[in-house]
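Please read these numbers as outputs of a predicted model, since none were measured by experiment.
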Amino acid sequence: MANPLRAEVVQLYKTLLFLGREYPKGADYFRDRLRAAFVKNKDVRDPEKIKELISRGEFVVKELEALYYLRKYRALKKRYYETE
C-alpha cells in the first residue's frame with residue numbers, strides 16, 4: 001500500500017488500541033470491534049474517503065477521552081463530596 005495516508009491510519013489504530021485498554025466493556029471487546037471496523041474499510045482507496053474515515057476515528061478518540069475524564073471526575077466527586 002503506497003498510500004501517503006497509511007501512516008495516519010496506522011497511528012490512529014495504535015491510538016485507539018491504546019485508549020481501548022480502559023474501555024468499560026473490556027479491552028478484548030474493544031479490540032475486536034476496532035479490528036472489525038478497520039478490516040471492513042481496508043479496501044478503500046479514495047483519498048477523500050480515507051480522510052473522512054480518519055476524521056471519524058479522531059472523533060472517536062475525543063469521545064473516548066471525554067468518557068474517561070468523566071469517569072475519573074465522577075470517581076473523585078464521589079470520593080470527596082458527600083451525597084445529598
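- The structure places CG of D46 at 9.0 Å from CD of E52, a figure rounded to the nearest 0.5 Å.
- Within the 4.5 Å cutoff, side-chain heavy atoms of V9 are placed close to those of F38.
- Rounding to the nearest 0.5 Å gives a distance of 9.0 Å between CD of E48 and CG of L5.
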What do the steps show when you test V61 against L12 for side-chain contact (heavy atoms from CB on, under 4.5 Å), and what is the final call?
-> CA-CA 9 Å; V61 167; L12 178 64; 4.0 Å; yes

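- Every pair passing side chain to side chain donor-acceptor pair (under 3.5 Å) that includes a residue from residues 63-74 is listed here, sequence neighbours excluded: E22-R71.
- R56 pairs by the side chain to side chain donor-acceptor pair (under 3.5 Å) definition with nothing, not counting sequence neighbours.
- Across all their heavy atoms, V44 and K49 have their closest contact at CG1-CG, 3.4 Å.
- Among residues at least two apart or in separate chains, side chain to side chain donor-acceptor pair (under 3.5 Å) pairs with a member in residues 23-41 are D28-R31, Y29-R33.
- In this structure, the separation between OG on S55 and CD1 on I50 is 12.0 Å, given to the nearest 0.5 Å.
- To the nearest 0.5 angstrom, L19 atom CG is 13.0 Å from K62 atom NZ.
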